[in-house]
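A note on names: the letters A, B, ... follow the listed sequences, proteins ahead of strands, and every chain is numbered from 1. Below, each value reflects all heavy atoms present in this structure, side chains not excepted, and no hydrogens, waters or symmetry copies.
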Amino acid sequence: EPEVTQTPSHQVTQMGQEVILRCVPISNHLYFYWYRQILGQKVEFLVSFYNNEISEKSEIFDDQFSVERPDGSNFTLKIRSTKLEDSAMYFCAGGGDSYEQYFGPGTRLTVT
Amino acid sequence: GNSVTQMEGPVTLSEEAFLTINCTYTATGYPSLFWYVQYPGEGLQLLLKATKADDKGSNKGFEATYRKETTSFHLEKGSVQVSDSAVYFCALSGDSGGSNYKLTFGKGTLLTVNP
């Protein structure tokens, strides 16, 4: 059964550094999302991506964040200059032409 | 905006006990409702869903009914097992289709089932 994969599983970075989180969605999915979960808090929507452009973003998704789908398979989230409060679990998700979303296992980002 | 309010945990039960996790929502229009489960060290997995009022979603012995009159989607299972120990998230998505499939989650409820 196809599944969403994410790399790395854990990323440790220093404040101010750039990080790129990678996701490989299921191949026939059309809609792509990033969510994050700060430890002990709820899962929050960051951004949705459809037809090679951002379709919606939350207030969290400021100018420090960007997303790309450079080669038709990978879907990346870049944080340009990380802050301590960016420490969280980041989940990639994808979906077809329905309400169901399939999540990856997540990348734990630790900013020190 | 949309919001989901979920029963605070943690919930600790003995094996074969009855489980209810309450979930209520606020949304415009006719959202779809979901329960996701997160096992230790893993990502979110869709457990069940309901896309319109009075629909009942079910999977692995879990059930939830979309109640528009009470804006609720409570999760139930008649007899829990140790393997059901996980965090359960109630979520909704908008009804406009396209990019509005984004999910709004509740805070999650940690369930621990003891043998």
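Linking Ile, Leu, Val, Met, Phe, Trp and Tyr residues whenever their side-chain heavy atoms come within less than 4.5 Å places A/Leu30 and B/Tyr101 in a single cluster. Both A/Met15 and A/Ile79 belong to a single network of hydrophobic side chains, linked directly or stepwise wherever heavy atoms of I, L, V, M, F, W or Y lie under 4.5 Å apart. Put simply, A/Tyr50 and A/Tyr33 are part of the same group of oily side chains (I, L, V, M, F, W, Y) that touch within less than 4.5 Å, one to the next. Under the 4.5 Å side-chain heavy-atom criterion for ILVMFWY residues, a single connected hydrophobic cluster contains both A/Leu46 and A/Phe32.
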Under 3.5 Å, side-chain donor or acceptor atoms of residues 107-115 of chain B against the rest of the protein: list the pairs with distances, not counting sequence neighbours.
residue: B/Thr109; atom: OG1; partner: B/Gln6; partner atom: NE2; Å: 3.1
residue: B/Thr109; atom: OG1; partner: B/Met7; partner atom: O; Å: 2.6

Please list, one pair per line, the donor and acceptor atoms closer than 3.5 Å that link side chains of residues 60-67 of chain A to other protein atoms, with sequence neighbours excluded.
residue: A/Asp62; atom: OD1; partner: A/Gln64; partner atom: N; Å: 2.9
residue: A/Gln64; atom: OE1; partner: A/Ser81; partner atom: N; Å: 3.2

For residues 34-54 of chain B, run the donor-acceptor check on the side chains, cut-off 3.5 Å, and write out each pair with its distance to 0.1 Å, sequence neighbours left out.
residue: B/Trp35; atom: NE1; partner: B/Phe73; partner atom: O; Å: 2.8
residue: B/Tyr36; atom: OH; partner: A/Gln101; partner atom: O; Å: 3.1
residue: B/Gln38; atom: NE2; partner: B/Glu42; partner atom: O; Å: 3.4
residue: B/Glu42; atom: OE1; partner: B/Gln45; partner atom: NE2; Å: 3.1
residue: B/Lys49; atom: NZ; partner: A/Glu100; partner atom: OE2; Å: 2.6
residue: B/Lys52; atom: NZ; partner: B/Asp55; partner atom: OD1; Å: 3.3

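By the 4.5 Å heavy-atom criterion applied to side chains, A/Gln37 and B/Phe89 are counted as neighbours. B/Leu103 places none of its side-chain heavy atoms less than 4.5 Å from the side chain of A/Phe45.
Contact residues of residues 104-112 of chain A toward chain B are A/Gly104, A/Pro105 (heavy-atom distance under 4.5 Å).
Residue A/Leu84 qualifies as enclosed at atom CG: its count of foreign heavy atoms under 6.0 Å is above 12.
Only the side chain of A/Tyr35 comes within contact range of chain B, judged by heavy atoms closer than 4.5 Å. Contacts between B/Val4 and chain A at a heavy-atom distance below 4.5 Å involve the backbone alone (N, CA, C, O).
Rounding to the nearest 0.5 angstrom, the gap separating the NZ atom in B/Lys102 from the OG atom in A/Ser58 is 7.5 Å.
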